[in-house]
Amino acid sequence: MDVYEAVETRRSVRRFTDRPVPREVLRRVLSAAAWAPSGSNLQPWHAFVLSGGPLAALKKRAGARLAAGDPWDEPEYEQYPPQLKSPYRERRSAFGEQRYGALGIARKDTEARQRAASANWECFGAPAALFCYIDRDLGRPQWSDVGMFLQNVMLLLRAEGLHSCTQMAWAKFHRTVAETVAPPRDLVLFCGMSIGYEDGAVHATRTGRAPLEETVTFVDGP
C-alpha cells in the first residue's frame, strides 16, 4: 500500500471483528511511528497498548460506570471551545447528522444517540486499543507533535491491513483507564485508539471533506 492509498483509506472504523492483532505487528507499527517529527525531538507521546484480559477488564469497568449512570470524570483539557464558530460548528453538526443518520437515529432521539456513543467504551468491539498520554506540563506545540505520532500510527496500521478509530471519549473516563494502565501522575490522557480488523458485514460511510479552496490558499509568485 502506498502512502496515498493509506491516507485515502484511513477512516474512523466503528465496528471491528474479534480477530486478534498480532503483537509483532503492533510493535512494528509503533516502532516506525516513532519517526514522527517533534520539536527538538522531544517525542512527547506515551502510549499504553491493551489487549486480552486487561482490555476486557477496562471495558467491563467502563460498562459498569455507564450502567450506574456515573458522571464523566473532571476534564483535564478542553476538547472543543464552548462557542464553536463557523465553519467548524457547521462541520461538526454535519458529522453528527451523517453519523447518526447512517444508524437510523433521529436528531432528537437523545437516548438512541447515547446508546450509540456508549460503543466508544467497548472500543467498538476491537481486540486492541492504544491509550496516548502526554506530560501535563508540556504546551500546545507538543500536543501537535502527539497528533503527528498518532497519524503515523493510523497510516501504518492501514499498511498492515488494519483499521483504527481515535477516541477523545476515553478522556472522559480517564480515571477508569488509569486503574488499568497505572500511568505516572504527571501524564494526562489525550485519547484512546481502537485497533483491529474491520467488520466488513457492517455498512460504513465516510465523512466528506471541505473543498480544497476552503482550507488552502496558494500564494504564487514570479
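Start at 1 with the first residue, then count along the sequence.
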For the backbone of [Y] and the side chain of [X], can you confirm whether one donor and one acceptor N or O come within less than 3.5 Å of each other?
X	Y	value
R89	L84	yes
H174	E74	yes
Q43	A34	no

Are the side chains of [Y] and [X] in contact, using a 4.5 Å heavy-atom criterion?
X	Y	answer
T180	F131	no
P44	S38	yes
V188	Y133	no
F48	V177	no

| Where at least one partner belongs to residues 173-191, residue pairs that pass salt bridge (Lys or Arg N to Asp or Glu O under 4.0 Å), sequence neighbours excluded |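 Only R61-E179 qualify under salt bridge (Lys or Arg N to Asp or Glu O under 4.0 Å).
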| If you look only at pairs with a residue in residues 33-50, which of them pass as a salt bridge (Lys or Arg N to Asp or Glu O under 4.0 Å), with sequence neighbours excluded? |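 For residues 33-50, and leaving out neighbouring residues, there are no salt bridge (Lys or Arg N to Asp or Glu O under 4.0 Å) pairs at all.
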Please list, one pair per line, the donor and acceptor atoms closer than 3.5 Å that link side chains of residues 210-220 to other protein atoms, with sequence neighbours excluded.
from	atom 1	to	atom 2	distance (Å)
E214	OE1	R91	NH2	3.1

Kindly work out whether a path of hydrophobic side-chain contacts (I/L/V/M/F/W/Y, heavy atoms less than 4.5 Å apart) joins [X] to [Y].
X	Y	result
V153	L156	yes
F190	V181	no
F16	V49	no
L130	W170	no
L150	Y80	yes

| said: Can you tell me if Y77 has over 12 outside heavy atoms packed within less than 6.0 Å of its OH? | reply: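 It does: Y77 OH has more than 12 such atoms within range.
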If you round to the nearest 0.5 Å, how far is [atom2] of [Y] from [atom1] of [X]?
X	Y	atom1	atom2	answer
F173	W121	CZ	CH2	5.5 Å
Q167	K172	CD	NZ	12.5 Å
L50	S194	CG	OG	11.0 Å
F124	D199	CZ	CG	13.5 Å
E122	L58	CD	CG	9.5 Å
R14	C123	CZ	SG	13.0 Å

| message | One thing to verify: whether E8 and R206 come together as a salt bridge, which I'm taking to mean a side-chain N less than 4.0 angstrom from a carboxylate O. | response |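 Salt bridge between R206 and E8, a charged N being under 4.0 Å from a carboxylate O: no.
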Restricting to side-chain hydrogen bond (donor to acceptor under 3.5 Å, both in side chains), what partner residues turn up for [X], sequence neighbours left out?
X	answer
Q79	none
E90	S86
R92	none
T207	none

| query | Among all residues two or more places apart in sequence or in another chain, which pass the side-chain contact (heavy atoms from CB on, under 4.5 Å) test with D18? | reply |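 Per chain and number, D18 pairs via side-chain contact (heavy atoms from CB on, under 4.5 Å) with no residue.
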If every non-hydrogen atom of [X] is compared with every non-hydrogen atom of [Y], which pair is closest and at what distance?
X	Y	result
W45	A36	CH2-O, 3.7 Å
R136	L187	NH2-O, 2.9 Å
A62	T176	N-CG2, 4.1 Å
R10	Q151	CD-OE1, 4.3 Å
P127	T17	CD-O, 3.6 Å
R158	T9	NE-OG1, 3.0 Å

Can I get a per-line list of side-chain donor-acceptor pairs under 3.5 Å for residues 21-33, giving both atom names and the distance, sequence neighbours left out?
from	atom 1	to	atom 2	distance (Å)
R28	NE	E160	OE2	2.8
R28	NH2	E160	OE1	3.1
R28	NH2	E160	OE2	3.3
S31	OG	R27	O	2.8

| Who pairs with D73 by salt bridge (charged side-chain N to carboxylate O under 4.0 Å, His left out), at least two apart in sequence or on another chain? |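 For D73 the salt bridge (charged side-chain N to carboxylate O under 4.0 Å, His left out) partners, ignoring immediate neighbours, are R65.
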Donor-acceptor pairs under 3.5 Å, side chain of residues 137-149 to any protein atom, not counting sequence neighbours: which ones?
from	atom 1	to	atom 2	distance (Å)
Q142	OE1	G139	N	2.8
S144	OG	P141	O	2.6
D145	OD2	G39	N	3.1

| task | Give me the other members of the hydrophobic cluster that V7 sits in, counting Ile, Leu, Val, Met, Phe, Trp and Tyr linked by side-chain heavy atoms under 4.5 Å, directly or via other members. | result |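 Result for V7 is V3, L155.
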